[in-house]
Amino acid sequence: MSLSFPCRRRTMTNSNPPLLQNYGVLLCQPGETSVVQLGDCGNNSGAAAAAAAATAAAAAAAAAMEECQLPLIDLKGLRSESEEERLACTSAIARASSEWGFFQVVNHGIRPELLREMRSEQVKLFETSFERKAACQLMNNSYRWGNPTATCAKEFSWSEAFHIPLTKVSEEACYGEFCSLREVMQEFAKAMSNLARLLAGVLADCLGRQEGDLDEICDESTCFLRLNRYPPCPVSPEVFGLVPHTDSDFLTILYQDEVGGLQLMKDSKWIAVKPNKDALIVNIGDLFQAWSNNEYKSVEHKVMANAIKERYSIAYFLCPSYDAFIGSCSEPAIYRKFTFGEYRQQVQEDVKKIGHKVGLPRFLLQTTQ
């Protein structure tokens, strides 16, 4: 199949990466099956019929899985003059982190206008041609799509993304012709960083640690933003927009649109998260689970592709410096001490060797295995 990508004309067609083609190749691997089979592997000739079938299947799947509301926490309680209200708010944050590993926050201090501006700039960025996104140095050459290490369909992510380290957010060279994105992203990154550190401090305090303990090891050189776009998927409601995973950080803050698709593991089953246009989603990462000695939970989550609607989200990842040691805050420790750099290296090795991340189980002490 040949595609042409005009440089200046921006349409939804030429902005999409060749996800269908790559998914089709993976689907043709021995033993692969899908609710909707492609007419020819790697060929999108049957896309229209597949889209209709996928839409019907998606509607049935949505009806079968009820959306749930994540714990909703009003952060104005942290700023209250009442000690009782402040304690109630911090307790709610800690409880949600222990019981769910996920929660959503309102009155978080980030201007609604800034969020809208960031979304508008994000859409402009992704609407540029696939050729332009893939071939140039946009956003520190951080454009990714699909999953280059996938060896089967279940390891494939129907999405595209830019991964931008915070150290690159202010560099003019990263933005090319997207000049207006730079100023907005700088303000957005700063606001998300402040919120992440506020929440991390609250969670540290609830464990009996000093709020500044995490500030000392968290480093902007390793924190990053990920701008995500999930194009409509004409294949099957079983296709992942983002494969099941846990986050390899302390905590993540997510700004998403109202399309939905995010699911998390709760009580050994997948549940769909109901979007809330006024809230940001917060989830605990692997490092906080290890640091809290399993008090806070890093929960497996995924994004399911949508048959007819594209989905946008932006995630901020709070990370420590690569040489920072992650040790349990209480005894007996469940995990051995490790550096963030060591953890990342182990994750990368596992993905390369076995196709997926193992994560914290690699670092369990022998007595806890």
Side-chain angles (χ1 to χ4, degrees), residues 5 7-8 10 15 17 108-111 113-146 148 157 159-198 200 214-230 242 247-257 280 285 287 312-324 339-341 343-345 347-348:
F5 299 98
C7 291
R8 296 184 181 277
R10 293 184 183 178
S15 68
H108 40 68
I110 301 180
R111 296 186 298 109
E113 296 82 7
L114 174 60
L115 295 175
R116 287 193 292 269
E117 289 170 12
M118 187 65 223
R119 177 55 40 76
S120 175
E121 294 293 339
Q122 178 186 12
V123 170
K124 285 187 215 173
L125 179 65
F126 278 108
E127 282 183 346
T128 197
S129 71
F130 169 68
E131 184 180 61
R132 175 92 175 92
K133 288 181 287 192
C136 73
Q137 300 300 309
L138 273 179
M139 309 311 296
N140 193 43
N141 196 30
S142 66
Y143 179 67
R144 303 290 183 270
W145 61 275
S157 292
S159 57
E160 57 180 334
F162 287 95
H163 297 241
I164 307 114
L166 254 61
T167 53
K168 299 293 183 179
V169 166
S170 61
E171 293 187 7
E172 288 187 39
C174 287
Y175 294 88
E177 71 268 32
F178 297 94
C179 304
S180 57
L181 174 59
R182 179 171 175 256
E183 184 177 346
V184 176
M185 188 174 287
Q186 282 183 290
E187 184 180 354
F188 180 83
K190 181 64 175 175
M192 293 288 265
S193 176
N194 290 342
L195 178 58
R197 288 175 181 273
L198 170 67
L214 289 185
D215 258 345
E216 293 177 3
I217 63 174
C218 286
D219 193 331
E220 284 199 353
S221 67
T222 54
C223 298
F224 65 98
L225 287 170
R226 187 172 70 206
L227 279 59
N228 303 303
R229 176 179 174 261
Y230 302 87
L242 192 60
D247 291 349
S248 302
D249 61 353
F250 269 108
L251 61 80
T252 306
I253 303 177
L254 182 73
Y255 169 46
Q256 65 169 357
D257 62 20
L280 298 175
L287 303 186
Y312 286 95
S313 70
I314 308 174
Y316 175 88
F317 297 85
L318 179 66
C319 302
S321 60
Y322 290 126
D323 59 357
T339 66
F340 180 43
Y343 191 77
R344 276 175 52 90
Q345 182 178 356
V347 168
Q348 291 166 359

**Separation between CE of M139 and CG of L227, rounded to the nearest 0.5 Å** = 6.5 Å
**Message:** Y316: which residues meet the ring-ring contact (aromatic ring centres under 6.0 Å, His included) condition with it, sequence neighbours left out?
**Reply:** none
**Prompt:** Hey, mind stepping through F317 and D247 against side-chain contact (heavy atoms from CB on, under 4.5 Å) and telling me if it holds?
**Reply:** CA-CA 8 Å; F317 297 85; D247 291 349; 3.9 Å; yes
**Request:** Verify side-chain contact (heavy atoms from CB on, under 4.5 Å) between L115 and I314, making sure each step is shown before the conclusion.
**Result:** CA-CA 10 Å; L115 295 175; I314 308 174; over 6 Å; no
**Fill in**
Output for pair (L251 CG, C319 SG), nearest 0.5 Å, gives 9.5 Å
**Message:** Could you tell me if S321 and D323 have a donor-acceptor pair between their side chains, going purely by distance under 3.5 Å?
**Reply:** yes
**Qualifying residues under ring-ring contact (aromatic ring centres under 6.0 Å, His included), relative to F340, sequence neighbours excluded** = Y322
**Request:** Can you tell me which residue pairs pass the side chain to side chain donor-acceptor pair (under 3.5 Å) test with a partner in residues 161-173, sequence neighbours excluded?
**Result:** none
**Fill in**
The ring-ring contact (aromatic ring centres under 6.0 Å, His included) partners of F126 (sequence neighbours excluded) come to F162
**Fill in**
Residues passing the salt bridge (charged side-chain N to carboxylate O under 4.0 Å, His left out) test with R344, sequence neighbours excluded, are none
**Message:** Please determine whether the number of non-hydrogen atoms from other residues, nucleotides or ligands lying under 6.0 Å from atom CD of E183 exceeds 12.
**Reply:** no
Please list every donor-acceptor pair under 3.5 Å in which a side-chain atom of residues 116-123 meets a protein atom from a residue at least two apart or in another chain.
residue : atom : partner : partner atom : Å
R119    : NE   : Q122    : OE1          : 2.9
R119    : NH2  : Y255    : O            : 3.3
E121    : OE1  : S180    : OG           : 3.0
E121    : OE2  : K124    : NZ           : 3.4
E121    : OE2  : S180    : OG           : 2.9
Q122    : NE2  : N228    : O            : 3.0
Q122    : NE2  : S313    : O            : 2.9

**Prompt:** Quick check: does any side chain N or O of N140 sit under 3.5 Å from a backbone N or O of S142, one acting as donor and the other as acceptor?
**Reply:** no
